Amino acid sequence: MTENKVAVCDGDKAYVEAFTSYLMEHIPEITIYSFTSEEAFIHCGESFEVGILSGDFLGVLEFSGADMVKEKLYLCDENILPEYEHLPMVYKYQSMEIVEEMLRRMFQRQSKNWWDKRSDIKTKVVGIYSPISHELSMPFALSLSEIYRERGRVLFLDIEENSIMGDMTGQRCDKSLMDLLYMIVQQEHYSIGDYISSFMGVDYINPFSNPEELNDISEEMWNQLMDSLLSIGYDTVVILFGRTIPGFRNMLSLCEDVVVLGKPGDYYRKSQANFMEYVKTVCDNVPMRQVSLPMTAGNLVDGTYAMEELVQGNLGMFVRKAMQEWVGVRDVGYGTA
């Protein structure tokens with residue numbers, strides 16, 4: 001059996017000691033190595049499945065030990081180095097529980113059993129659509145996904161035609177939702193784990209790379225995708241719609257909840273009301289939750305915010321409170337209606 005070795009590398013000795021102590025206590029099945037010296041790291045003679053590395057260590061690794069670390073996570077603070085912003089990020093001083101969840105999922109994906117189809121789990125599907133294209137739809141959806149994550153495994157599907165998820169999370173990967181759709185439609189052999197990334201413990205598939213890709217997907221292709229995703233064994237799949245795609249009605253019928261996201265004000269409420277009336281005429285058994293999100297992107301100062309701050313801050317608290325007020329919320333354990 002392969003030993004799961006993780007390297008934690010940063011010049012801040014006190015932080016590294018606290019970080020590694022937490023991981024050793026909470027994930028005893030992996031072996032943690034810690035380094036505060038770049039020279040000691042390069043000459044340790046070990047190879048690692050995962051490296052959580054500050055910018056200085058990443059720089060040394062490029063020149064002296066490119067093969068030492070199989071999968072790199074960028075350990076960063078508020079000053080993000082642009083040359084490493086393509087890597088999955090671990091923010092210093094964020095909740096260590098989030099990092100714990102990230103590592104667990106990374107190692108679980110290496111086991112085929114984790115991806116086996118599990119017919120014993122009924123996946124809850126939650127859809128989110130904003131008739132007014134609310135500018136914080138994606139952070140709202142991630143906040144909702146993060147809350148569902150507390151009760152089980154969550155897959156977030158961002159099918160906006162022009163998603164900025166990669167820019168907001170600082171994470172990018174080569175394989176996208178379009179690549180996965182191609183493999184499914186062509187009935188090619190693939191591992192779904194190769195298309196899954198994780199952010200704050202929530203799994204997701206990298207969104208479309210350009211707006212035109214969405215035009216090439218038929219209703220049948222969407223049906224095939226959902227059949228595949230609902231067979232994996234996630235407890236919840238959260239879908240963020242950017243527009244009414246082919247097969248939109250069928251996708252809505254899969255949802256146990258549809259969040260209709262808008263803003264305060266009569267002008268915006270009319271759009272929500274019109275859309276909800278439409279849904280009632282085409283699939284009247286879909287529970288809909290009308291949410292008026294008062295936050296706006298205009299309150300966010302350029303360069304001073306990160307997705308984690310939105311999800312864990314006022315936006316996240318707003319979403320949690322909204323969930324507690326929904327009928328049926330006791331089904332997922334968040335309080336009473």
Side-chain angles (χ1 to χ4, degrees), residues 71 88 105-129 137-138 141-142 144-145 148-149 152-166 169 171-199 201-258 283 286:
E71 189 161 359
R105 291 176 183 274
M106 289 171 70
F107 286 116
Q108 283 173 334
R109 290 192 193 101
Q110 296 175 10
S111 169
K112 181 180 180 297
N113 292 334
W114 196 82
W115 297 110
D116 284 345
K117 294 183 178 181
R118 300 170 58 189
S119 58
D120 58 314
I121 289 183
K122 183 182 184 301
T123 302
K124 178 184 178 75
V125 181
V126 179
I128 301 168
Y129 178 72
S137 293
M138 191 264 290
L142 268 179
L144 189 64
S145 300
Y148 276 113
R149 182 192 66 83
R153 298 189 299 177
V154 176
L155 178 66
F156 173 49
L157 200 61
D158 184 355
I159 55 176
E160 297 175 288
E161 61 188 274
N162 191 32
S163 174
I164 60 168
M165 185 170 178
T169 62
Q171 299 181 182
R172 301 180 186 278
C173 59
D174 295 332
K175 296 180 179 179
S176 70
L177 182 57
M178 194 66 181
D179 297 314
L180 176 58
L181 273 164
Y182 175 83
M183 298 299 285
I184 292 173
V185 171
Q186 297 298 318
Q187 299 184 346
E188 300 281 351
H189 176 73
Y190 67 93
S191 170
I192 188 69
D194 293 338
Y195 298 84
I196 300 291
S197 298
S198 184
F199 179 74
V202 173
D203 286 355
Y204 69 94
I205 301 171
N206 202 45
F208 297 104
S209 58
N210 68 71
E212 291 186 353
E213 288 183 338
L214 204 56
N215 296 326
D216 299 327
I217 304 172
S218 66
E219 179 176 354
E220 178 58 29
M221 293 170 69
W222 284 119
N223 292 339
Q224 290 178 271
L225 173 69
M226 293 309 299
D227 286 344
S228 297
L229 296 182
L230 294 180
S231 70
I232 300 172
Y234 279 100
D235 296 279
T236 308
V237 172
V238 176
I239 306 173
L240 174 60
F241 297 96
R243 59 182 169 91
T244 54
I245 57 175
F248 183 65
R249 182 186 311 181
N250 183 59
M251 299 259 304
L252 287 181
S253 68
L254 295 174
C255 298
E256 294 183 40
D257 275 312
V258 174
C283 38
V286 175

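Source: prediction; values computed, not measured.
Across all their heavy atoms, Ile159 and Met251 have their closest contact at CD1-CE, 4.2 Å. Scanning all heavy atoms of the two residues, the minimum distance from Phe156 to Ala141 falls at CE1-CB, 3.5 Å. Closest non-hydrogen pair, Gly247 versus Glu219, comes out as CA-CG, 3.4 Å. Here the closest non-hydrogen pair linking Trp222 and Pro246 is CD1-O, 3.1 Å.
Put simply, SG on Cys283 and CZ on Phe248 are 8.0 Å apart, with the number rounded to the nearest 0.5 Å. Rounding to the nearest 0.5 Å places CE of Met138 at 6.5 Å from CG of Asp158. Atom-to-atom distance recorded for Ile128:CD1 and Glu160:CD is 10.0 Å, nearest 0.5 angstrom. Taking CZ of Phe241 as the reference point, atom SG of Cys255 lies at 5.0 Å (rounded to 0.5 Å). The line from CD1 of Ile217 to CD1 of Ile245 is 7.5 Å long, rounded to the nearest 0.5 Å. Rounded to the nearest 0.5 Å, atoms OG (Ser137) and CG (Leu142) are 11.5 Å apart.
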Practice item. Might you work through the side-chain contact (heavy atoms from CB on, under 4.5 Å) test for Lys124 and Asp257, ending with a clear yes or no? Key: CA-CA 9 Å; Lys124 178 184 178 75; Asp257 275 312; 3.3 Å; yes
Practice item. Could you give me the CA-CA distance, side-chain angles and deciding distance for Asp203 and Arg153, then say whether side-chain contact (heavy atoms from CB on, under 4.5 Å) is met? Key: CA-CA 8 Å; Asp203 286 355; Arg153 298 189 299 177; 6.0 Å; no
Exercise for review: Begin from the C-alpha positions of Leu181 and Glu213 and carry the test side-chain contact (heavy atoms from CB on, under 4.5 Å) through to its verdict.
Suggested key: CA-CA 11 Å; Leu181 273 164; Glu213 288 183 338; over 6 Å; no
Exercise for review: Give the C-alpha distance, both sets of side-chain angles, the deciding distance and a yes or no for side-chain contact (heavy atoms from CB on, under 4.5 Å) between Lys122 and Glu256.
Suggested key: CA-CA 11 Å; Lys122 183 182 184 301; Glu256 294 183 40; 3.1 Å; yes
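Residue pairs meeting the side-chain hydrogen bond (donor to acceptor under 3.5 Å, both in side chains) criterion with at least one partner in residues 242-254, sequence neighbours excluded, are Glu161-Arg243, Asn215-Arg243, Asn223-Asn250.
Between the side chain of Thr123 and the main chain of Tyr234, a donor-acceptor pair closer than 3.5 Å is present.
No side-chain heavy atom of Asp227 sits under 4.5 Å from any side-chain heavy atom of Ile184. Counting only heavy atoms from C-beta outward, the side chains of Val202 and Val238 never approach each other to under 4.5 Å. Using a 4.5 Å heavy-atom cutoff, the side chains of Ile239 and Val126 are not in contact.
Here Gln186 pairs with Tyr182, Glu188 under the side-chain contact (heavy atoms from CB on, under 4.5 Å) rule; sequence neighbours left out.
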